[in-house]
Asker: 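Okay, here's the structure, questions in a sec.
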There are 2 protein chains.
Amino acid sequence: MDMKTGESDGVDLGGRVKGLRSRAGLTIKEVAARSGISPSAISKIENNLLSPTYDNIIRLAQGLGIDISELFSATRKQAPHGRRSLTRVGQGDYIRTRAYTLEMLCSDLTAKRMQPMKARLRAHETREFGALVAHAGEEVVLVLKGRVTLLTEFYAPVTLDEGDSVYFDSTMGHALLSAGADDAEIFWVCAADQNLDFAETLPEST
Amino acid sequence: MDMKTGESDGVDLGGRVKGLRSRAGLTIKEVAARSGISPSAISKIENNLLSPTYDNIIRLAQGLGIDISELFSATRKQAPHGRRSLTRVGQGDYIRTRAYTLEMLCSDLTAKRMQPMKARLRAHETREFGALVAHAGEEVVLVLKGRVTLLTEFYAPVTLDEGDSVYFDSTMGHALLSAGADDAEIFWVCAADQNLDFAETLPEST
DNA sequence: AACAATATATTCCTTTAGGAAAACTGCACC
DNA sequence: GGTGCAGTTTTCCTAAAGGAATATATTGTT
């Protein structure tokens, strides 16, 4: 309970680190292993007993899996508070493209980080789909019904069964096909930098 | 010509500081006066003989009249390109908390925008859950099996059936319970400000 | 309750950050 | 070639960073 090192500038580094760490669900020891900093040093940082050096700040951010700016900026952009949107089964907004029938979920909320959808994959052949799609962001897919083939630019095609899930960078060209005789169904979440108020880029273009 | 402190991580902090300083047309002594750091320390920083502490990094940026991110920018990780991670049904990493059994999906990818999970909701009563959880980010939930009650800070409880989905800000206190006699199952995606390599904050705390 | 297991904090010690002042390094002018 | 001078580096020292090991919570288990 002596000097306080980190919060001399009015920024409570220790508290921020502690918050980021618990938010990531990590223990001090795990962060230590992932960052290469000793557990004792991390403990001292969190209690503002120690001001980490440049090198250790970089390592610490790596260990926490965050961007370095998180450890400095008081300039956090204010996220919307307390919104909630419910979509009952079958009650989303339907969009039909060449390869998919999309049901956009929770589309009454704008400026959200993620766009959830359900999709029925109607294409069964690569040529029905056309060129692979690529755009900024990342995607998660869960197979709800049927079997799904995921084509990507840098990987061999892979087939997913019901309950399987996949995560990929959508900067990489990609396409989803039904692998079975019937149309497949998936739950699909896209995240991009900007607010995606609408669907992601759809395969009808090009 | 001994150790090089600042560039151990492949980033030449010294060179960057020197460049920024000359671009601003300042001498070491002037930066020292404006930052409160001694000229000798600044000289050592510019020659990578010394890794400045958190406090001095903040002061240094002030003295140079720049944003802190300028001292790190090369370290900033750009969005990963072309990654893909597949998790077969039941093959995720399991985490058991008081109220949930979580299966973390695609956990081999770090620094992702979203964390997909499957969850089995074991809690059936509010008191089994404890206090509502709140943390940065947004969440999407799709009900896979059973019925689910979503408790939130600013809304009346709502019950979701199979196939229903909901989107909400996780800054608002929230909790998920099974509404039926059996445990319910959901697909769950969390997005936070930065990269979340692991689970979101879990209800066991508090 | 007692115990084990794990997470965090402290202590002790070595290395490094960082300040004050002295010692270079150009570079102008005489 | 000196002499002054502004800018930078080096030296020397102390105060703080940070690691290893130890102690102290804090948590789950029988």
Side-chain angles (χ1 to χ4, degrees), chain A residues 1-9 13-15 17-64 71, chain B residues 1-9 13-15 17-64 71 95-101 122 128 130 198-199 201-206:
Chain A
M1 288 72 181
D2 284 51
M3 284 277 300
K4 311 220 178 155
T5 313
E7 53 187 348
S8 51
D9 296 80
L13 173 67
V17 170
K18 194 174 288 188
L20 289 163
R21 179 171 63 82
S22 70
R23 194 155 299 159
L26 295 167
T27 67
I28 285 186
K29 200 186 286 185
E30 288 171 310
V31 174
R34 293 157 49 99
S35 64
I37 306 173
S38 71
S40 61
I42 294 171
S43 170
K44 289 168 193 167
I45 290 167
E46 289 193 352
N47 292 300
N48 290 316
L49 296 171
L50 175 156
S51 179
T53 59
Y54 183 81
D55 309 81
N56 274 354
I57 289 167
I58 293 172
R59 297 200 192 98
L60 183 60
Q62 283 186 304
L64 289 168
L71 297 175
Chain B
M1 289 71 186
D2 285 52
M3 286 277 300
K4 312 220 179 157
T5 313
E7 54 188 346
S8 53
D9 294 81
L13 173 66
V17 171
K18 196 174 288 190
L20 288 163
R21 179 170 62 83
S22 70
R23 208 177 67 190
L26 295 167
T27 68
I28 287 187
K29 201 183 286 184
E30 287 171 312
V31 174
R34 292 156 50 102
S35 65
I37 307 174
S38 72
S40 62
I42 294 171
S43 170
K44 290 169 194 166
I45 291 166
E46 289 193 352
N47 292 299
N48 290 318
L49 296 170
L50 175 156
S51 179
T53 58
Y54 182 81
D55 310 82
N56 272 356
I57 289 168
I58 293 173
R59 296 198 192 99
L60 183 60
Q62 283 186 304
L64 290 168
L71 297 174
I95 298 178
R96 189 187 166 90
T97 74
R98 183 193 311 278
Y100 309 133
T101 300
R122 298 200 322 280
E128 293 179 69
F198 296 98
T201 307
L202 297 171
E204 55 218 332
S205 48
T206 63

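These values consider heavy atoms only, across backbone and side chains, with no hydrogens, waters or symmetry-generated copies. Protein chains get the first letters and strands the later ones, always in sequence-line order, with residue 1 at the start of each. Just so it is clear, the structure is predicted and the values come from calculations on it, not from any experiment.
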Asker: If I take atom NZ in residue K29(A) and atom C1' in nucleotide dT8(C), what distance separates them, rounded to the nearest angstrom?
Answerer: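 To the nearest whole Å, that distance equals 10 Å.
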Asker: Restricting to non-hydrogen atoms, name the atom on L13(A) and the atom on N48(A) that form the minimum distance, rounded to 0.1 Å.
Answerer: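 Nearest heavy atoms, L13(A) then N48(A): N-OD1, 3.9 Å.
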Asker: Identify the pairs formed between an N or O of the protein and an N or O of nucleotides 18-20 of chain C at a distance under 3.5 Å, and give each distance.
Answerer:
residue : atom : partner : partner atom : Å
dG18(C) : OP1  : T53(B)  : N            : 3.1
dG18(C) : OP1  : T53(B)  : OG1          : 2.5
dG18(C) : OP1  : N56(B)  : ND2          : 2.9
dG18(C) : O5'  : N56(B)  : ND2          : 3.3
dG18(C) : N7   : K44(B)  : NZ           : 3.4
dG19(C) : OP2  : S38(B)  : N            : 2.9
dG19(C) : OP2  : S38(B)  : OG           : 2.4
dG19(C) : N7   : S40(B)  : OG           : 3.3
dG19(C) : O6   : K44(B)  : NZ           : 2.6
dA20(C) : N6   : S40(B)  : OG           : 3.2

Asker: Round to the nearest Å and state the distance from L13(A) atom CG to dG18(D) atom P.
Answerer: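 Going from CG in L13(A) over to P in dG18(D) covers 11 Å.
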Asker: According to side-chain hydrogen bond (donor to acceptor under 3.5 Å, both in side chains), who are the partners of S40(A), at least two apart in sequence or on a separate chain?
Answerer: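 For S40(A) the side-chain hydrogen bond (donor to acceptor under 3.5 Å, both in side chains) partners, ignoring immediate neighbours, are S38(A).
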Asker: Nearest 0.5 angstrom please: R21(B) CZ to K18(B) NZ, how far?
Answerer: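 If I round to the nearest 0.5 Å, the distance is 7.5 Å.
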Asker: Taking any heavy-atom pair under 4.0 Å as a contact, classify T27(B): base, sugar-phosphate, or nothing.
Answerer: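 If one applies the 4.0 Å heavy-atom cut-off, T27(B) turns out to touch the sugar-phosphate alone, with no base involved.
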Asker: Which of these nucleotides, dT8(C), dT10(D), dT8(D), is closest to any side-chain atom of I28(A)?
Answerer: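 Nearest nucleotide to the side chain: dT8(C).
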Asker: Please give, in whole Å, the distance from dG7(D) P to L26(B) CG?
Answerer: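 Computing the L26(B):CG to dG7(D):P distance gives 11 Å.
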Asker: With side chains defined as the heavy atoms from C-beta onward, is the minimum distance between S35(B) and I42(B) less than 4.5 Å?
Answerer: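 In contact.
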Asker: Counting only N and O atoms by type, is there a donor-acceptor contact under 3.5 Å from the side chain of Y54(B) to the main-chain atoms of I45(A)?
Answerer: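 Pair absent, no side-chain N/O of Y54(B) close to backbone of I45(A).
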Asker: Hey, what do you get for CG (L26(A)) to CZ (R34(A)), rounding to the nearest 0.5 Å?
Answerer: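 L26(A) CG to R34(A) CZ: 5.0 Å, rounded to 0.5 Å.
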Asker: Which one, dT8(D), dT8(C), dT9(D), comes nearest to the side chain of N47(B)?
Answerer: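 My answer, after comparing the listed nucleotides, is dT9(D).
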Asker: Write down the distance between CG (D55(A)) and C1' (dT15(C)), rounded to a whole number of angstrom.
Answerer: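 Value for this atom pair: 14 Å.
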Asker: Find the distance between CD1 (I57(B)) and CD1 (I57(A)) and round it off to the nearest 0.5 Å.
Answerer: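 Rounded to the nearest 0.5 Å, the CD1-CD1 separation comes out at 3.5 Å.
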Asker: Give every pair of a protein N or O atom and an N or O atom of nucleotides 3-5 of chain C that lie under 3.5 Å apart, one pair per line with the distance.
Answerer:
none

Asker: Quick one: does any side-chain atom of S51(B) pair with a main-chain N or O of T53(A) as donor and acceptor, under 3.5 Å?
Answerer: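 No; zero donor-acceptor contacts below 3.5 Å.
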